[in-house]
Every structure is written in structure tokens, then in C-alpha cells.
Protein chains: 6
Amino acid sequence: MTIPSHHTLLMTGAAGGLGQAMRARLKANCEVLRLSDVSPMAPAQAGEEVVQADLADADAVKALVAGCQAIVHFGGVSTEQPWGAILQANIVGLYNLYEAARLHGVKRIVFASSNHVMGFYRQSEVVDALSPPRPDGLYGVSKAFGEDLSRMYFERHGIETACVRIGSCLPEPKDRRMLASWISHDDMHRLITACLTTQVLGHSIIYGTSDNSVSWYDNRLAHHIGYRPKDSSDVFREAVFARTPEPDLKDPAVQFQGGAFVKIGPL
Amino acid sequence: MTIPSHHTLLMTGAAGGLGQAMRARLKANCEVLRLSDVSPMAPAQAGEEVVQADLADADAVKALVAGCQAIVHFGGVSTEQPWGAILQANIVGLYNLYEAARLHGVKRIVFASSNHVMGFYRQSEVVDALSPPRPDGLYGVSKAFGEDLSRMYFERHGIETACVRIGSCLPEPKDRRMLASWISHDDMHRLITACLTTQVLGHSIIYGTSDNSVSWYDNRLAHHIGYRPKDSSDVFREAVFARTPEPDLKDPAVQFQGGAFVKIGPL
Amino acid sequence: MTIPSHHTLLMTGAAGGLGQAMRARLKANCEVLRLSDVSPMAPAQAGEEVVQADLADADAVKALVAGCQAIVHFGGVSTEQPWGAILQANIVGLYNLYEAARLHGVKRIVFASSNHVMGFYRQSEVVDALSPPRPDGLYGVSKAFGEDLSRMYFERHGIETACVRIGSCLPEPKDRRMLASWISHDDMHRLITACLTTQVLGHSIIYGTSDNSVSWYDNRLAHHIGYRPKDSSDVFREAVFARTPEPDLKDPAVQFQGGAFVKIGPL
Amino acid sequence: MTIPSHHTLLMTGAAGGLGQAMRARLKANCEVLRLSDVSPMAPAQAGEEVVQADLADADAVKALVAGCQAIVHFGGVSTEQPWGAILQANIVGLYNLYEAARLHGVKRIVFASSNHVMGFYRQSEVVDALSPPRPDGLYGVSKAFGEDLSRMYFERHGIETACVRIGSCLPEPKDRRMLASWISHDDMHRLITACLTTQVLGHSIIYGTSDNSVSWYDNRLAHHIGYRPKDSSDVFREAVFARTPEPDLKDPAVQFQGGAFVKIGPL
Amino acid sequence: MTIPSHHTLLMTGAAGGLGQAMRARLKANCEVLRLSDVSPMAPAQAGEEVVQADLADADAVKALVAGCQAIVHFGGVSTEQPWGAILQANIVGLYNLYEAARLHGVKRIVFASSNHVMGFYRQSEVVDALSPPRPDGLYGVSKAFGEDLSRMYFERHGIETACVRIGSCLPEPKDRRMLASWISHDDMHRLITACLTTQVLGHSIIYGTSDNSVSWYDNRLAHHIGYRPKDSSDVFREAVFARTPEPDLKDPAVQFQGGAFVKIGPL
Amino acid sequence: MTIPSHHTLLMTGAAGGLGQAMRARLKANCEVLRLSDVSPMAPAQAGEEVVQADLADADAVKALVAGCQAIVHFGGVSTEQPWGAILQANIVGLYNLYEAARLHGVKRIVFASSNHVMGFYRQSEVVDALSPPRPDGLYGVSKAFGEDLSRMYFERHGIETACVRIGSCLPEPKDRRMLASWISHDDMHRLITACLTTQVLGHSIIYGTSDNSVSWYDNRLAHHIGYRPKDSSDVFREAVFARTPEPDLKDPAVQFQGGAFVKIGPL
């Protein structure tokens with residue numbers, strides 16, 4: 001059972017795939033779930049508020065954050081895109097969000113960082129919270145920016161953030177790489193709940209994957225958050241192997257943790 | 001099932017809460033369980049010996065230790081108290097105990113150290129056996145002293161000690177902090193049994209908690225002891241949240257692992 | 001269920017105890033299991049090829065490797081023996097094997113390294129993939145040689161190797177030390193399968209034991225391999241204690257992880 | 001004597017204090033020194049080219065970089081300023097610079113990062129290249145962004161960058177904190193020269209200070225750059241003590257490495 | 001030239017060898033040098049105060065500390081002695097000193113810890129400030145106690161302490177071991193001065209030796225203190241070799257850093 | 001001045017370039033310098049013994065070692081060569097040498113290991129004694145074998161070895177890579193002398209280079225040896241740059257520490 005922790009919880013990025021999957025689940029964590037996206041969302045239901053807003057619009061973001069006690073920030077760009085889009089959504093937008101949080105006294109934020117902050121580590125390496133960033137593109141760089149910005153707001157203003165380096169949050173893993181990076185929707189919700197309810201969150205980095213046998217992540221420095229995955233990509237392993245081709249180990253998309261992100265994009 | 005490991009096992013601190021809880025359980029670990037405390041204890045039952053003794057009395061401690069093959073040392077002060085009490089029970093008393101062990105050839109000791117050796121780490125930090133001590137008061141300092149003293153007896157005389165940094169050994173966790181620090185009585189017994197039966201104990205530091213989701217401890221350097229907790233504070237989590245107030249993150253008792261110990265006491 | 005990963009898989013050392021135990025199991029991993037040993041083996045069954053060959057014979061090894069896509073290398077000497085035997089089987093033989101692999105384009109090898117690479121660590125220490133080698137005899141040195149040689153073939157030629165530091169792969173643990181070092185035959189097969197199927201193996205070091213409570217090994221840097229033991233020596237613990245004498249902690253065979261290997265042998 | 005390493009070297013930020021101090025010195029490193037700033041600069045002398053340009057103007061930056069083989073990037077904002085200024089100069093500007101470098105095949109960049117990337121470490125801590133960033137304001141965050149962006153260009157495109165976390169590059173240290181952070185102009189030039197001439201620079205982090213007795217920096221992971229400071233703040237120590245007041249250890253500007261930056265600025 | 005840093009500086013242990021050597025030198029660090037010992041001292045000269053006091057006498061220590069701004073604590077037992085002597089001087093005495101410091105607002109203490117905190121490391125090992133203590137006797141344990149106690153006073157009350165693990169502070173090295181552990185009187189004074197004048201001392205551990213070629217110590221984590229030795233045991237090396245016998249590597253006094261301390265004493 | 005440390009010192013490899021350079025210098029370290037090589041050497045002079053011997057001949061090596069107290073082992077192959085040559089000289093030969101040392105009670109050996117044990121680290125990385133080996137060819141693998149073999153003889157028989165990972169010991173650096181790897185003959189002699197005279201050598205790894213500004217090596221874990229280089233490649237820097245071409249950063253011989261060794265040889 002989920003322990004509710006905040007009266008009003010803001011979830012950004014509510015129109016995206018991840019946002020939609022979390023929308024129903026996060027109702028259990030609060031009394032009012034405020035939902036936001038730059039795109040249209042399904043109408044508000046009981047216990048919900050729906051606010052369409054552009055993260056790059058500082059005033060809109062300030063209004064959005066007012067009255068919330070905590071934020072789950074899925075908003076912004078979540079794929080490799082041209083610089084302009086990433087700049088506005090993930091850099092300017094993130095600054096706007098933290099400024100709004102500071103002004104309105106929000107003290108805890110779950111920030112959707114990404115495995116692409118570490119995308120240039122090899123798939124034969126295991127990283128932890130102290131491994132230096134090796135972002136695999138502009139998207140990964142923007143998420144590293146978010147981790148650094150939130151660290152500064154933690155040091156200066158005591159705003160706690162969990163930087164969740166999300167792997168692949170999908171109904172099921174699509175390819176062999178995702179056998180390592182996959183996180184189920186339910187585990188994603190468990191992880192958010194852990195971040196929202198642990199007594200002291202601090203400024204923490206945690207890898208967001210399910211309990212997959214093959215993994216590139218060591219979360220031992222995030223035990224204080226209390227995340228315990230209950231799902232695993234292992235149940236999909238045979239099927240994924242059956243429907244996907246042999247990997248070519250000379251392909252950077254196979255060599256590196258970031259997968260295809262290390263070679264796609266406008267760069 | 002518990003594997004008995006020693007003929008005569010001495011348990012000090014038998015009159016305390018932890019001592020009483022372990023008294024029945026430790027009978028399975030030995031043929032004779034010698035029990036000691038500075039306070040009166042329940043009368044000896046079959047397979048028990050009861051010896052009232054003050055740890056600060058060197059001669060009494062020598063007599064107490066004679067004929068034992070191993071010691072579980074719960075005796076001494078277990079809360080923050082004035083210096084005089086801690087000095088006698090935890091510093092002079094510990095010296096007396098190790099000198100007695102040396103004289104009588106006792107080669108293995110389970111020493112009740114404490115999480116308060118590390119009390120000034122934050123609740124958003126995870127510590128391991130190599131993290132330098134940050135005791136939260138005189139009590140914590142006295143336990144750090146015990147860890148250093150026992151190290152010296154290990155190096156010089158080969159007396160093996162497990163320094164068990166016990167969290168909160170109670171029937172159930174009382175507050176939100178104890179969701180991280182709690183260890184059940186049964187897990188405490190499992191841990192002692194592991195220390196008594198592992199082939200080589202060396203001089204080891206191990207954190208004594210149950211399998212709690214939220215944890216500040218990394219025991220990977222103590223795998224040689226073989227402790228596997230079977231209980232968890234998680235089953236109490238909802239109830240604890242329901243009956244305890246929201247934590248104030250500006251309160252040092254919330255910020256630090258030592259909890260209220262970081263601010264109470266004679267200092 | 002085991003996912004098959006290669007058409008023709010070579011397993012060396014097929015006449016030995018470990019080889020025989022894996023012979024049946026590894027059929028599930030491939031279409032053709034080629035078996036080799038310097039000693040005679042049971043005749044080939046369906047899906048098997050049996051080739052008697054001496055690893056010290058470079059030409060024989062080249063012929064042996066031709067047409068394989070992966071190798072499980074159990075061949076060579078697996079106990080402390082005179083230098084000449086170890087030199088030929090484990091040093092010259094290993095060079096021959098990797099040269100053959102290079103010539104024939106084999107890209108993945110599971111190399112049976114040994115806990116004896118680390119035999120001079122104490123039984124109260126926990127080692128990981130970064131701990132420097134402390135081999136306990138000529139056998140251990142020859143396995144460290146294999147780890148270094150395979151690293152070089154990885155860097156130069158991209159041949160991936162899992163250096164599996166096998167503990168004690170037997171039907172059950174024979175003594176108290178093996179409670180820590182034991183790996184069941186089924187777990188050994190799970191480990192090999194993981195090495196053969198993980199997308200990127202790299203050049204990796206992994207400790208090969210079952211899920212034993214008492215352990216000297218930390219495999220956190222090998223999560224990318226995806227090995228999950230399902231067996232444990234714990235079920236044998238009581239029986240082993242009952243039939244074995246108290247350990248003498250002054251005996252190097254008790255003090256060190258390598259057990260009796262630290263003191264036997266021609267040295 | 002300085003070894004010249006590139007035909008045309010671009011130095012941005014030429015109108016600033018640091019830029020002016022390096023302008024004369026860097027002539028020895030190249031045949032043509034191209035100088036740039038958003039502000040007016042002194043007219044070009046022999047071997048110089050002067051190009052006024054705004055880093056936020058992508059096209060201007062592309063033109064600026066054309067024909068250069070290496071860049072010393074001092075341009076952008078070098079103090080805590082409002083978000084808009086930092087965003088344009090240090091974030092958009094840096095992206096423009098690296099894109100221009102990629103397009104024109106520039107392979108080595110000396111990037112003026114800052115001690116303010118690490119400003120929230122205490123003055124009793126020593127940091128190295130692996131310590132995670134703790135920026136002390138928006139300026140520090142923008143420099144951390146530059147380190148991450150340049151890492152990505154290194155991984156993807158092989159552009160080598162030295163991220164020089166410059167302390168206080170001034171004619172002499174102004175206060176007690178600068179006794180630790182000070183770097184002389186000549187040492188700054190030595191450091192740039194080392195970065196430009198070392199055979200392989202990779203993507204490296206190095207702290208830019210002189211050989212000061214009191215230091216918060218450990219450069220052991222940057223030995224490959226070959227920087228050897230010859231100056232020291234020690235010669236100014238007595239005078240600085242004489243003219244500055246006793247530090248108040250309760251002042252964050254005294255506690256933290258970032259000094260006054262940890263509390264000034266628009267935040 | 002020494003920069004004076006405090007009006008009234010207390011130096012304990014003034015009657016001992018080290019105390020006498022520092023007495024003249026420390027006058028330059030303050031206006032009033034208060035000197036104390038349990039034994040009689042030479043009469044006070046200009047700028048000195050002489051106070052005979054027993055550290056085990058809490059009231060006497062309170063009086064002693066009143067009016068001081070900083071303390072250089074050389075007092076107490078400095079050799080392996082019976083428990084009672086060490087208990088009173090180094091454990092009770094240290095508690096009394098820190099309590100007095102707390103009551104009188106003293107904020108900086110230079111604590112004479114000892115290399116014997118680390119005495120059971122081998123002479124072929126190099127230790128730093130993070131290496132766990134391995135005290136070589138009761139004396140070493142008492143110094144480890146002092147390090148832990150002062151850490152607690154730092155966390156609770158902001159009293160800064162430099163735990164100086166002094167090697168062998170003598171006019172010249174007496175034997176081959178001291179070629180590694182030796183610190184000249186002048187370097188000892190430089191080290192104290194650095195501790196007293198660095199802007200932020202924190203709670204720090206620093207090894208106190210001269211610039212000896214052979215060394216077991218890595219002070220890279222104490223760069224913030226700014227200690228630069230100018231002397232070296234190297235000038236005595238030939239003479240020491242000439243007058244001392246070949247070391248017996250089977251002797252624990254040769255094997256371990258603590259030298260003869262690892263085997264002498266009442267234990 | 002060199003302190004003599006042993007009566008009879010054996011130096012192998014006396015006919016090679018390094019051996020010839022050390023021959024004159026090492027006379028100061030002993031009364032009798034025994035010289036050996038598989039090739040002819042200059043005739044013995046006063047205080048010298050010259051013994052031609054093949055390291056692969058166990059009996060010859062036993063005779064060679066008899067009567068020595070220490071060995072400086074430069075013998076064997078020192079370049080990338082076919083497997084057979086390396087096997088005999090560096091693997092069989094090294095085993096013969098250590099067996100002979102064990103039989104004759106030799107307790108200290110200076111073993112010429114090589115930077116090629118680490119040749120596959122990049123020239124932008126800094127390695128220390130704990131970095132895992134990444135040998136760049138068969139030669140490097142054979143030197144890693146020697147490090148492991150000598151470790152085992154240290155653990156089992158107390159034979160101390162300094163594994164000196166020699167860079168480029170030549171009269172002067174020949175190319176840009178050697179600016180990092182160069183060690184002068186005099187520094188080489190200083191390093192050997194340090195190994196022979198330090199009180200406890202243990203089994204140690206030390207990088208053998210002069211005090212070059214550009215370096216890939218961190219010797220902080222070898223401070224107990226007491227090596228202080230006095231020469232530097234810096235004086236040759238300008239000349240080397242003048243006479244060598246610009247490095248091509250796409251060439252593995254430029255990227256990796258091992259230089260051309262990473263791509264030459266029979267592999």
C-alpha cells in the first residue's frame with residue numbers, strides 16, 4: 001500500500017507516456033494531484049487538477065508550482081533533439097521550475113534524470129552514484145545540468161532532490177539493451193513513492209531500473225531512499241532474444257550503455 | 001536451527017532489555033550460558049549461570065570470564081549519560097573485559113558497539129565499515145573506544161571481535177528513524193550466531209539492522225560473517241507513519257543518523 | 001530455461017569432474033557441443049563432438065578451435081602441481097588457446113580462473129574485481145597469468161573473456177571453508193550461461209560461488225553479466241559442522257581464503 | 001621557454017582581466033593569436049587578429065573559429081550574474097563554441113572552468129578530479145555544464161578539452177581565501193601551455209592554482225598534463241594577514257571554498 | 001617568519017622534551033604563552049605564564065584554559081604505560097580539556113596524536129587520513145580516543161582540532177625506523193603554526209613528519225592546513241646506517257610502523 | 001653517496017644496455033657485484049664476478065644465485081618478441097630465479113617489471129599501484145606474470161620484491177612519449193639503491209621514471225621505498241619537440257601509454 005505523503009503533488013510531463021502511466025498511480029500519494037504538460041491532457045478527474053503550461057514560461061511555472069508541497073518532474077524533452085528544443089525545455093525550463101520551487105517553499109522534488117547522463121560508459125561497466133557523468137548527447141548533457149542545478153538549490157536552499165536516472169520505463173523491454181535498463185511502471189511508482197516518503201532524501205542520485213539480472217547500476221549509495229523493485233525484465237528475456245537479432249559488438253549502440261542515443265541526434 | 005559453537009558462553013548486560021531478549025535465544029548456542037549484569041537478574045535456570053558483577057571491578061571481571069570460550073558483551077551503559085558513568089562502564093569496564101579475556105584465553109567476542117559511533121553522518125548518507133567514526137556523544141565515543149581497543153587486542157593477541165554497530169533492537173520500531181535502524185530480536189540472535197560460528201571472524205565491523213528498505217548501512221565488507229536478516233521494519237511502516245508527526249528537517253535529530261542522541265545528554 | 005547462444009561451443013577439460021558435470025547441461029546452450037580433454041572422454045552423443053587433444057600442442061588446439069563461436073575453458077591443471085605440469089597446461093596451453101581463438105575469430109571465452117588467484121587474502125576479508133591478485137601457489141599464479149593474457153587479447157583483438165574465479169564446484173561442500181567457496185553444478189551452469197548470453201561481456205572478473213551466507217566475495221562490479229545463483233551452501237551447514245573438527249585459527253589453511261592450497265604443493 | 005604548438009590559436013574573452021594578462025604571453029604559443037570578446041579590445045598587433053563577437057551568436061562564433069587549430073576559452077561571464085546573462089554567455093555560448101569547433105575540426109580546447117564548480121565543499125576539504133560537483137551558484141552550474149558538454153564532444157567527436165578549474169587569477173591574492181585559490185598570471189600561462197603541448201590531453205579536469213601551501217586541491221589525476229607551478233601565494237601571506245580581519249567561521253563565505261560566491265548573486 | 005594568530009595560547013606538556021623544544025618557538029605565535037604540566041617547569045619569562053596542573057583534575061583544567069583562544073595539547077602520557085596512568089592522563093585528562101575548551105569558548109586545538117594510532121600497519125604500507133586506526137598499544141588506543149572525542153566536539157560545538165599523528169620529534173633520528181618517522185623541532189613548529197593560522201582547520205588528521213624520503217604517510221587530504229616541512233631525515237641517513245645493526249625482518253618491531261611499541265608495555 | 005647494503009649482489013642482464021649502465025654504479029652498493037647474462041659480457045674487474053648463464057637453465061640459475069644476499073634482475077627479454085623467447089626467458093627464467101632465491105635464502109629482489117604491464121591505459125590516464133594490469137603484449141603479460149609470481153614468493157617465503165615498472169631507461173628521451181616515461185641512468189640507480197636499503201620493502205610496485213613534468217604515474221603508495229628522482233626529461237623537451245613530428249592522435253601508439261608496443265610484435 002502506498003503511504004500518502006503530501007497534500008498537493010505536482011506532476012509535470014503528464015501528457016507523455018511515462019506521465020500517463022504515473023497519473024493514476026500517484027493519486028494514492030496525495031490528496032490533490034496537479035498535472036501539467038505543454039500538450040493537452042485528459043480532463044481532470046476527482047482529486048486532480050490539470051494545468052497546461054510551458055516550462056520555458058517562467059511566470060506560468062511559478063503559477064503552476066504555487067500551493068504544491070512536492071514535485072515529480074517528468075516534463076521537458078525526453079529524447080535526443082535539436083539544441084533549441086532541449087535548451088528551452090530542459091535547461092531554461094528546469095531553472096524556471098527550481099526558481100518557482102524556491103519562491104513557493106517546495107522542499108522535495110523527484111527529478112527525472114536519465115541513464116543517458118552515463119551513456120558513454122560501456123555495457124560491461126557498472127556505475128554508481130559517484131561515477132563522473134559521461135552524457136551521450138545533448139539530452140544527456142541537459143539532464144546532467146539538472147543534476148548540478150538541483151545540487152546547488154539543495155546546498156543553498158535546502159530543496160531536496162532525487163535525481164532518478166531512469167532507464168527504459170515502458171510496459172516491457174523492447175530489445176536486448178533494455179533487459180538491463182528496463183523499469184516497470186509499478187517499480188517506477190515504487191521508486192517515486194520511496195523518494196517522497198523517506199525521512200531524509202538529501203540530494204541523491206539513484207538509478208531507476210527494475211530488479212533485472214543484467215544491470216549496469218550499483219545503487220548501494222541510495223539505500224537511504226528505500227527503493228525495492230519487485231519486477232524484473234528477466235521474464236521477458238527469452239522472448240526478447242527470440243525476436244531480436246544478434247548484437248554487432250562493433251556497433252557503438254551495442255557497446256555503450258546509452259544504446260542508439262550515442263550515435264543519433266542532430267550532432 | 002542454531003548451530004551451537006561454544007561450551008560456555010558469557011553474556012554480559014543480561015538484566016537489560018536486549019540482554020533479556022537474548023537470554024533465552026542464546027541457550028541454543030552453547031551448553032552453559034553464563035549471565036552477568038551489575039543489576040539483579042532472574043535466577044539461573046537449567047544450563048545457565050548467573051553472576052552479578054560490576055564491569056568496573058577488574059577482579060570481578062576476571063572471575064566472570066574464567067572458563068568461558070566466547071563472550072557476547074552487551075554490558076555497560078547503552079544511552080547517553082554523564083561522563084563518569086560512561087567512563088566506568090564502557091571504558092574501564094571494556095578494558096577489564098579484554099584483559100580478562102586475554103588472561104583466560106578467550107578468543108572470540110561479540111561486542112555491542114552502536115550506530116551512535118556514526119551518529120553524525122546524515123540520514124541521506126550510506127556508511128560502510130571503512131567510513132571514519134563520527135560519534136554523536138560520549139556514549140558513541142565510548143563505543144568507538146571499544147572498537148579501537150578490541151582492534152589492538154586482535155593485532156597483539158589474536159582475540160577476534162565483531163564490533164556490531166547495533167541500530168535499535170526493540171520489539172518494533174518506535175518512530176520513523178527506527179524504520180532504518182531497527183533490528184528484530186530474532187535477527188539480533190541470527191547476527192550473534194553468525195559471529196560465533198563463522199570460521200574466521202577477524203576484527204570486523206558490521207551494522208546490526210534487519211532487512212529494512214530504508215537503510216544507511218552497507219555491510220558488503222562483512223560478508224564473511226554470514227549474517228542474513230529475515231525480518232524487516234517494512235511491515236511496521238504504515239503504522240509508524242500514521243502515529244508519528246511529519247519530521248522537521250531543520251531538527252538535527254531528523255538530519256543525522258544518531259537521531260535525538262546528537263542533541264541530548266550532559267554536553 | 002537456458003537460452004542457446006552459439007552454434008558450436010567448445011568445452012575443454014571435459015574429462016574432469018567439472019567438465020563432466022557441465023557436459024550434459026551445456027547442450028542446452030548450443031547446437032553442437034564440442035568436447036575436449038587430454039584424457040579419454042565418454043563417446044560423443046547426439047549434438048556432441050569429442051576431440052582428444054593436448055593444450056600444449058599448438059596445432060592440435062588450432063584444429064580444436066576451428067569452427068567454434070565460443071569456448072568454455074575448463075582444461076588444464078586444476079590443482080597445485082609441479083611447475084612443469086602447470087607450465088605446459090596452464091601457461092603454454094592458455095597461450096595456444098587464445099592464439100587459436102584469434103586465428104579463428106572466436107570472440108567470447110569463459111575462462112575457468114580460480115579463487116586461488118586470491119588465496120592469500122584472509123577469510124575475514126571480502127575481495128572484489130579490483131582487489132590485486134595474491135595467488136597462493138603456482139596454480140594460482142598460472143590462473144592470474146590467464147587473466148592477464150586474456151586482458152591483452154581483449155584490448156588488442158576484442159576477444160571477450162569472463163575470468164570466473166571458481167570456488168569449489170562440487171556436489172556439496174566438503175568442509176567448513178567450502179561453505180564460503182562452494183558453487184553448485186546448477187549455479188555453475190547458470191553462471192556460464194550468463195557469460196554466454198549477456199549482450200556485452202567485455203573482459204570481466206567474477207567470483208563463481210553459490211548464494212552462500214558466508215562469503216568472501218563482492219560481485220557488484222560484475223552485474224552486467226547477470227549471474228543470479230539459486231543454490232546455497234547453507235542447507236549443508238549443519239551437517240558440515242557436525243562432521244568436521246573445530247578449526248585451528250593458527251593454521252594457515254584456516255586463516256587464508258585459499259585453504260590448504262596456501263601450504264601444500266612442491267614449493 | 002614556451003614551445004609553440006599551433007599555427008592559429010583563438011583566445012576568447014580577450015577584453016577581460018585574465019584575457020589581457022594572457023594576450024601577451026600566448027603569442028609565444030602560436031604564430032597567429034586570434035583574439036575575441038564581446039567588448040572592444042586593444043587593436044591587433046603583429047601576429048594578432050582581433051575579432052569582436054558575441055558568443056551567443058552562433059554564426060559569429062562559427063566565423064570566429066574557422067582556421068584555428070586550438071582554442072583557449074576565457075569568454076563568457078566570470079562572476080555570479082542573473083540567469084539570463086549566464087544562460088546566453090556560458091550555456092548557449094559554450095554550445096556555439098563546441099559546435100563551431102566540431103564543424104571546423106578544432107581538436108583541442110582549454111576551457112576556463114572555475115573553482116566555483118566545487119564551491120560548496122568546505123575549506124577543510126581537499127577535492128580531486130573525481131569529486132562530484134557542488135556548484136555554488138548559477139555561474140558554477142554553468143561551468144559544470146561546460147565540463148559535461150565538452151565531455152560529450154570528446155566522446156563523440158574526439159575533441160580534447162582541459163577543464164581548468166581556475167582559482168583566483170590576479171596579480172596577487174586579495175584576501176585569506178585567495179591564499180589557497182590564487183594563481184599567478186605566469187603560472188596560468190604555464191598551465192595553458194602544458195594543456196596545449198602535452199601529447200594526449202583527453203578530457204581532463206585540473207585545478208588551476210599556484211604552488212600555495214594552503215590548498216584544497218589534489219591534481220594527482222592530471223599529471224599527464226605536466227603543469228608545474230613556479231609561483232606561490234606564500235610570499236603574500238604575511239601581508240594578507242596583516243591587512244585582513246580575523247575570519248568569522250560562522251560565515252558561509254569563510255566555511256566554503258567558493259567564498260562569497262556561496263551567498264551572493266540573484267538567488 | 002611566523003604569523004602570530006592568538007593572544008593567549010595554552011601549551012600543555014611543557015615540561016616534556018617536546019614541550020621544552022616548542023616553548024621558545026611558540027612565543028612567536030602569540031602574545032601570551034601559557035605553559036602547563038603536571039611536573040615543575042622552568043620559571044615564566046616575559047610573555048609566558050606557567051601553571052602546574054594535573055589534567056586529571058577537571059577544576060584545575062578549567063582554570064587553566066580560561067582566557068585562552070587556542071590550545072596546543074602535548075600533555076599526558078607519551079609512551080606505552082600501565083592502564084591506570086594512560087586512563088587518567090590521556091582519557092580523563094582529554095575529556096577534561098575539551099570540556100574546559102567548550103565552557104570557555106576555545107575554538108581551535110592542536111592535539112598531539114601519535115603514529116602509534118596506526119602502529120600495526122606494516123612498514124611497507126602507506127596510510128592516509130582515511131585509513132582505519134590500528135593502534136599498537138594502550139597509548140595508541142588512548143590517542144585514537146582523543147581523535148574520536150575531538151571529532152564529537154567538532155560536530156557538536158564547532159571546536160576545530162588538528163589531530164597531529166606525530167612521528168618521532170627529536171633532535172635527530174635515533175634508528176632506522178625513525179628515518180621514516182622523524183620530525184625536526186623546527187618542522188614541528190611549522191606544523192603547529194600552520195594549524196593555528198589556516199583559515200579553516202575543521203577536524204583534520206595530519207601526519208607529523210619531516211620531508212623524509214622514506215615515509216609511510218600520505219598527507220594529501222590535509223593540504224588545507226598548509227604544512228610544508230623544510231627538514232629531512234635524509235641528512236642523517238648514512239650515520240644512522242653506520243651505527244645501527246641490520247634489521248631483523250622477523251622482528252615485529254621492524255615489521256610494523258609502531259616499532260618497538262608493538263611489543264613492549266604491560267600487555 | 002650510496003649506502004652499501006649487501007655483501008654479494010647479483011645483477012642479471014648485465015650485457016644489455018640497462019645492465020651496462022648499472023654495472024659501474026652498483027659497485028657502490030655491495031662488496032661483490034656478480035654479473036650475469038646469456039650473452040658475453042666485459043671481463044670482471046675488481047669487486048666483480050662475471051657468470052654467463054641462461055635463465056631458462058634451472059641448474060645454472062641455482063649456481064648463479066648461491067652466495068648472494070640480494071638480486072637486481074634485469075635479465076630476460078625486454079622487448080616484444082615471439083612467444084617462445086618470452087616464455088623461456090621471462091616465464092621459465094623467472095620461476096628459476098625465484099626458486100633459486102628460495103633455496104639459497106635470498107630475501108630481497110629488485111625485479112625489472114615494465115610500464116608495458118600497463119600499456120593499454122591511455123596517455124591521459126594516471127595509474128597507481130592498485131590499478132589493474134592492462135598489458136600491451138606478450139612482453140607485458142610476462143612482466144605481469146613476474147609480479148604475480150613474486151607476490152606468491154613473498155606471501156609464502158617472505159622474499160621481498162620491488163616490482164619496478166621501468167619506463168624508458170636511456171641516456172635521453174628519444175620521442176615525445178618518452179618525455180613521460182623516461183628515467184635517467186642515475187635515477188635508475190637511485191631507485192635500485194632505495195629498494196635495497198629501505199628497512200622494509202615488502203612486495204611493492206613502483207613506477208620507474210625520473211621527475212618528468214608530464215607523467216602517467218602516481219607513486220604515492222610506494223613512499224616507503226624512499227625513491228627521490230633528481231633528473232627530469234624536461235630539459236630535453238624543447239629538443240624532442242623540435243626533432244619529432246606532430247603526433248597523430250588516431251594512432252594507438254600515441255593514444256596508449258605503451259606506445260608502439262601496443263601494435264607491434266608477433267600478434
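In what follows, chains are A, B, ... by sequence order, proteins preceding strands, each numbered from 1.
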Rounded to the nearest 0.5 Å, how far does CD of C:Q123 lie from CD of B:Q199?
-> 4.5 Å
Heavy atoms, side chains only, cut-off 4.5 Å: are C:R237 and B:I3 in contact?
-> yes
How far does CD of C:E238 sit from OG1 of B:T197, to the nearest 0.5 angstrom?
-> 11.0 Å
Pair count under 4.5 Å, heavy atoms only, with chain B: among C:A180, C:P247, C:A242, highest is C:P247
Segment of C:D128 engaging chain B (4.5 angstrom heavy-atom cut-off) = neither
Go through the atoms of B:R108 and report whether side chain, backbone, both or neither lie under 4.5 Å from a heavy atom of chain C.
-> side chain
Output yes when B:R228 and C:D211 qualify as a salt bridge under the 4.0 Å nitrogen-oxygen rule, no when they do not.
-> yes
Would you give the length of the straight line joining atom OG1 of B:T198 to atom CG of C:L179, rounded to the nearest 0.5 angstrom?
-> 9.0 Å
Can you tell if the side chain of C:E125 reaches within under 4.5 Å of the side chain of B:H224, non-hydrogen atoms only?
-> no
May I ask you to test the B:V200-C:V254 pair for a side-chain heavy-atom distance under 4.5 Å?
-> yes
Do C:R220 and B:R220 come within less than 4.5 Å of each other through their side chains, counting heavy atoms only?
-> yes
When rounded to the nearest 0.5 angstrom, what distance separates CG in C:L249 from NZ in B:K107?
-> 9.5 Å
Heavy-atom proximity to chain B below 4.5 Å, by part of C:R122 = neither
Rounded to the nearest 0.5 Å, how far apart are CD1 of B:I225 and OG of C:S124?
-> 9.5 Å
Examine whether an atom of B:L201 lies under 4.5 Å from a heavy atom of chain C, and if so say whether it belongs to the side chain, the backbone or both; otherwise answer neither.
-> backbone
